[in-house]
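Notes for the one structure printed next.
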Amino acid sequence: MKAQIKTITKVVIIFGFLFSLGACSDFLDQVPEEKLSEANLFKSKDDVVKVLTQIYSYYKPTIEFNDNCGLAADEADYNWSNYGPHYKDVGQYSQSSLIYNHWSDFYKQINTSLYFLSRIDECQDEKLTEDERSWWRGEAYFLEAYYYFLLLQQYGPIPLIDKVYSGDELTAMMAEGVPRSHFDDCVQFIDDLLVNAIAHLDLFYTFSSTERAARASQCSAWFLRSRLWLYAASPLYNGMTDAAGKSYSFLMPKDMDGHELINASFDNNKWKKAMEITEEAIEICQSANLGLYKPGVTASVANGYTAYWNVFNYARGGHPSSENVFYKQNFSTGSIRNHALPISWSGYTGICPTLEHVNEYFMANGLMPEDDPEYRTASGFTTYTKNNNTIRLYNKYKKRDPRFYVNILFPGQYSYAVLGNENESYDTRWAYNTTTSWTDYIWYRPFFDGPDGYESKTGRDFTTTGFLSVKFVGKTDNRTSKGDYAVNIFRYAELYLNYTEAAFEYYTNSGADPASQAEVFRYWDELRERIQIPDVRTAYTNAGIPLTTAKLRELIRRERKIEMAFEGHRYFDNRRWLIAEKEGGDKHGMDVYKTEAEGFWNENFVFEERFWHDKMYFMPIPQSEIDKNPKLTQNALWAAE
């Protein structure tokens, strides 16, 4: 439930940003009920924690498609023309007409962190223990680092501020301006903040205690270090050249004096650094009893499908699973949950995976579909009867990776081929609701004349592709209640993906054959063991397909796209890998304007042609901020228009 946060009065300006803490927060239940004077703000423990709460208040859940650009990539369509993804897809934004514009608000939160750190020692309330003082200081360092990282993700190199300015000093600073720092300096600055945070934070809260649930910890700080150094090593920020050798130096950000703000030369030591930091992050998390949620380790987890599904759809209960390192609490009615349900379930039916994404999912035998002869020759349907209804299952959707069935609601869905290559499972997420009024619509029919199809739509709510993303639909959800769930911000499995990618790139660029390096497969194999599909080496050896360097890179990136689908990564991964051009052009789905008999199953149907321009690798810095700051430069290609 969202609670209105009242304004705490104080005011320091950074780049003209008012330190106003008016905001809506769904993070914690502790909120101020009245305005507090600056003089009294740090006198009592209860008031101090309210300031800290404000710092947590602004960051967005990763599944907020309108407020978080992480979902505005090529994995899905969002069927509403007044939302951020649409403006991005059609190229309707500029430095003066922005989407996903968080520049000012992220800096406000950074300023709040600095202000908190500068004053917390004033509180001498005996109720404030020294452990709490240390933890809260660590949380402020962590949150300052996190907001800087979010800025870095969207805009590239950014200005860095290390103190609160006021009075004449503020006036002089504003008149002179603050330039963007070099990307490597930004990374080191953020990393230093995280090291400071680690020195003050506790390892992790215990599962039996909810007082510090969802707050920053040493584990979350180490996790952000892993993600930070992975980005620093990636092609966009480390040589600006893609895997095929194409240079993207035309994207180079520069300061007022023409100095380049990203290294144009590649440094393989950055991949090694990403490996080392991630390895330590994994060890720290394991010491806190965090790890993969998987069969044979977690109670009541029978198979890979259940293991993966429960990570996203278990009630919060203080700690949703051993895989949630840092998460958003009390997220019961978020956009992606409400908007993912079929029309017949009174859903908004508008978060629609593209056919390109649907076709990415591995087969149950561990191969990519395009490498599997059975998939390539699959056609037609399997027909069977369930609850006196005749159901047709598209044969291409049988024998797939369990994550396919967790993430994607596909036409005719009721039966799954989850447990390996042969075993068919009829126990689905929808079957949990057979005692409700949903029984009549127990399988999904988005054909034009079906109960979930275009003819049944009200207003603009319908699937544009024939598919829906149901990764975050809980098993206890119903038409009127969407439950109380945590949304992952940092999920343990990402660390395994980070390490795998860093190890592969490091050994490849060192001249070694990555297929012979155990470190490349060390954690990757465990990820696949969790979902109970063969590891990559076994799968491709059995298929007689060599694991070349190019094939391994494709597989590693594909694994990340599938494992982390709809979790806010794809937009940024496309950019750091320098492959974001693929977000443009034709996007495909089934022909939702046709009945089954008339041609619904048409994989060549183009539901949208999307705009792409290379300037979209970085978001434009708001023109209003450039006007305020005489040393702030615009990102390449935006400034020329």
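Just so you know, these numbers use all the heavy atoms, side chains as well, and skip hydrogens, waters and symmetry mates.
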Are any of the side-chain nitrogens in [X] or [Y] under 4.0 Å away from the carboxylate oxygens of its partner?
| X | Y | answer |
| --- | --- | --- |
| K270 | D184 | yes |
| E608 | K587 | no |
| E75 | K561 | no |
| R528 | E563 | no |

Is the distance between the ring centroids of [X] and [Y] less than 6.0 Å?
| X | Y | answer |
| --- | --- | --- |
| Y78 | Y83 | no |
| H339 | F65 | yes |
| F410 | F404 | yes |
| F326 | Y59 | yes |
| W638 | Y93 | yes |
| H102 | Y58 | yes |
| Y617 | W612 | yes |

Inspect the surroundings of OH in Y348 and state if more than 12 heavy atoms from other residues, nucleotides or ligands are less than 6.0 Å away.
->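 No, because the 6.0 Å sphere around OH of Y348 holds 12 heavy atoms or fewer from other groups.
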
Does the side-chain contact (heavy atoms from CB on, under 4.5 Å) test come out yes or no for Y56 and T112, once each step is laid out?
-> CA-CA 10 Å; Y56 277 103; T112 310; over 6 Å; no

Does Y571 have R575 sitting over its ring (NZ/CZ under 6.0 Å from centre, angle to axis within 45°)?
-> yes

Are W229 and D191 close enough that a side-chain donor and a side-chain acceptor fall under 3.5 Å?
->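 The criterion, which ignores hydrogens and geometry beyond distance, is satisfied for D191 and W229.
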
Below 4.5 Å, heavy atoms only, C-beta onward: do L203 and I284 meet side chain to side chain?
->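 SC-SC contact between L203 and I284 confirmed.
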
Taking the side chain as every heavy atom from C-beta outward, state whether I489 and T62 have any atom pair closer than 4.5 Å.
->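 Yes, close enough: below the 4.5 Å cut-off.
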
Take V49 and W136 through the side-chain contact (heavy atoms from CB on, under 4.5 Å) test and state the conclusion after the steps.
-> CA-CA 8 Å; V49 77; W136 293 359; 3.8 Å; yes

Classify the ring geometry between Y146 and F142 as parallel (under 30°), tilted (30 to 60°) or perpendicular (over 60°).
->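 It falls in the parallel class, under 30°.
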
